[in-house]
Amino acid sequence: MADAKLKKAKVIFVLGGPGSGKGTQCEKIVAKYGFNHLSSGDLLRAEVESGSPRGKELQAIMEKGELVSLEIVLALIKDAMLKLVDKSPYFLIDGYPRELEQGTRFEAEVAGCHVVLYFEVTEEVMKQRLLKRGETSGRADDNEDTILQRLRTFTSKTEPVIKHYADKGKVIKVNASGTIDEVFGVVQQEFAKREIK
Ligand SMILES: Nc1ncnc2c1ncn2[C@H]1C[C@H](O)[C@@H](COP(=O)(O)OP(=O)(O)O)O1
Ligand SMILES: [Mg+2]
């Protein structure tokens, strides 16, 4: 059920393949605009860290590069949003929706989608960035086999989500192959065009 408190929420779905720079750009957006940032991956990893039975189940799924159940992700995001909505109405929802049903269920049960920020970059660049990140991230899924599986999951499941929102004129497509500051420059221009501030 949608919560009245979340009516004022302005949701920005942040999408892009693994390693496209979603987390990096969200950090820069938060620093400049003060928006709330929720990464479904971070919320899930926090659940794993907690060592709960649900966390253990989640870990097994994530190590295979598969997607976890819709109900769990939705509940984690909604709880987190309720705690933050008084701080800023804008929410960067990073790495969600991963598949179309996640988007439609989110819009029905949590809040509407204001806009989708999509970071586009080639698979080769994503792979290189992730292998580099894997040297220090400690993330179990930053290894070559899992990376390939995650890229495949992105193409088959998440690209249709982008198409769905593009058909509604809601997608801001950003070429994410430049430097971090170049990419952020484009993000700021696009936000200004849409009076996102
Ligand atoms: N524009 C850019 N140029 C070079 N490296 C970048 C970059 N944006 C991000 N990175 C680095 C930071 C990370 O080590 C890695 C993946 O970035 P990330 O923000 O964690 O991606 P995502 O959250 O989309 O998986 O690539
Ligand atoms: Mg990330």
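In each ligand, atom 1 is the first atom listed, and ligand 1 is the first ligand listed. Values below: all heavy atoms of this structure, side chains included; hydrogens, waters and symmetry mates excluded.
- For the side chain to side chain donor-acceptor pair (under 3.5 Å) condition, the pairs that include at least one residue of residues 176-185, sequence neighbours left out, are Lys28-Asp181, Asn175-Ser177.
- Under the ring pair (Phe, Tyr, Trp, His ring centres under 6.0 Å) criterion, Phe154 pairs with no residue at all, not counting sequence neighbours.
- Contact check on Lys173 versus Glu190 returns no salt bridge, with no Lys/Arg side-chain nitrogen under 4.0 Å from an Asp/Glu carboxylate oxygen.
- In terms of the side-chain hydrogen bond (donor to acceptor under 3.5 Å, both in side chains) criterion, Glu120 has no residue partners (sequence neighbours excluded).
- Contacts of ligand 1 (protein heavy-atom distance under 4.0 Å) are Gly17, Pro18, Gly19, Ser20, Gly21, Lys22, Gly23, Thr24, Arg129, Arg133, Gly178, Thr179, Ile180.
- Salt-bridge formation is detected for the pair Asp142/Arg150: a Lys NZ or Arg NE/NH1/NH2 atom is positioned less than 4.0 Å from an Asp or Glu carboxylate oxygen.
- Using a 4.0 Å cut-off between charged side-chain N and carboxylate O, Lys163 and Asp167 make a salt bridge.
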